[in-house]
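Working notes for the structure below.
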Amino acid sequence: MSGHRDAAEELELIAADLRELAPALPERIDANPEDVEAGLAKLVLTLIEVVRQVLEHQAVRRMEGGGLSDEEIERLGLALLRLQERLEEIKIAFGLEGEELNIDLGPLGRLL
């Protein structure tokens, strides 16, 4: 029974957080045809950057925990390096700077 109450309280806290965030969000999305492609690229690259940072963090944690062989560490490092290089190429293609991928989430702060 207390599990249901805890879940209900948690849902109410989440709902309260969302109500607090709502005024900071735009009421309408400005879908200017000239900016849609760049905006979409920025969003996708931001998500990829978040995933890349999570993967990098996990790789470091596994490496420090001794869970990877030298060969696995080498392959993982090379894969992360190539991913970073490819991200830089795509950012240049869309004219984006690294800081532009750090989306402002209003009251939650910056994404990256």
Side-chain angles (χ1 to χ4, degrees):
M1 187 73 172
S2 69
H4 290 289
R5 190 174 353 164
D6 291 342
E9 289 173 2
E10 186 67 27
L11 284 174
E12 182 54 39
L13 288 173
I14 292 170
D17 287 345
L18 289 174
R19 283 191 297 271
E20 187 177 317
L21 283 173
L25 300 174
E27 290 184 28
R28 303 181 90 198
I29 296 173
D30 185 15
N32 183 346
E34 291 82 31
D35 297 338
V36 168
E37 186 175 283
L40 183 60
K42 183 178 175 180
L43 177 61
V44 170
L45 288 174
T46 299
L47 293 174
I48 292 171
E49 178 62 18
V50 169
V51 171
R52 188 197 67 77
Q53 288 187 14
V54 169
L55 290 174
E56 188 176 284
H57 179 73
Q58 287 181 333
V60 168
R61 190 171 50 90
R62 289 181 65 196
M63 189 174 64
E64 290 176 349
L68 296 174
S69 68
D70 288 343
E71 182 180 329
E72 290 171 323
I73 292 171
E74 183 69 26
R75 284 193 343 238
L76 194 54
L78 187 57
L80 290 171
L81 179 65
R82 287 183 178 159
L83 178 59
Q84 179 65 33
E85 289 173 350
R86 187 68 181 130
L87 278 172
E88 291 300 321
E89 291 171 9
I90 296 171
K91 280 193 263 182
I92 290 170
F94 283 97
L96 297 170
E97 299 289 329
E99 184 59 31
E100 290 181 81
L101 302 183
N102 194 4
I103 294 174
D104 185 4
L105 298 175
L108 296 177
R110 311 285 302 173
L111 180 62
L112 302 174

Practice item. Take R86 and E89 through the salt bridge (Lys or Arg N to Asp or Glu O under 4.0 Å) test and state the conclusion after the steps. Key: CA-CA 5 Å; R86 187 68 181 130; E89 291 171 9; 2.8 Å; yes
Check your understanding: Given E9 and L13, is the side-chain contact (heavy atoms from CB on, under 4.5 Å) satisfied, shown in steps?
Key -> CA-CA 6 Å; E9 289 173 2; L13 288 173; 5.5 Å; no
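- Note that the CD atom of Q84 and the CD atom of Q53 stand 9.0 Å from one another [nearest 0.5 Å].
- In this structure, L96 and A41 approach most closely via the heavy-atom pair CD1-C, 4.4 Å.
- With rounding to the nearest 0.5 Å, the separation of NE2 in H57 from CZ in R61 is 6.0 Å.
- When the side chains of ILVMFWY residues are joined at heavy-atom separations under 4.5 Å, either directly or via intervening members, I90 and L55 end up in two distinct hydrophobic clusters.
- Hydrophobic clustering (side-chain heavy atoms under 4.5 Å, transitive across Ile, Leu, Val, Met, Phe, Trp, Tyr) groups L87 together with V44.
- Remark: E74 CD is loosely packed, at most 12 non-hydrogen atoms of other residues, nucleotides or ligands lying under 6.0 Å away.
- The shortest non-hydrogen separation linking L45 to K91 is CD1-CG, 4.0 Å.
- Note that the CG atom of L76 and the CZ atom of R62 stand 7.5 Å from one another [nearest 0.5 Å].
- Applying the side chain to side chain contact (heavy atoms under 4.5 Å, CB included) test between L83 and each of R52, E56, E49 identifies R52 as the sole match.
- In terms of heavy atoms, L80 sits closest to A59 at CD1-CB, 4.1 Å.
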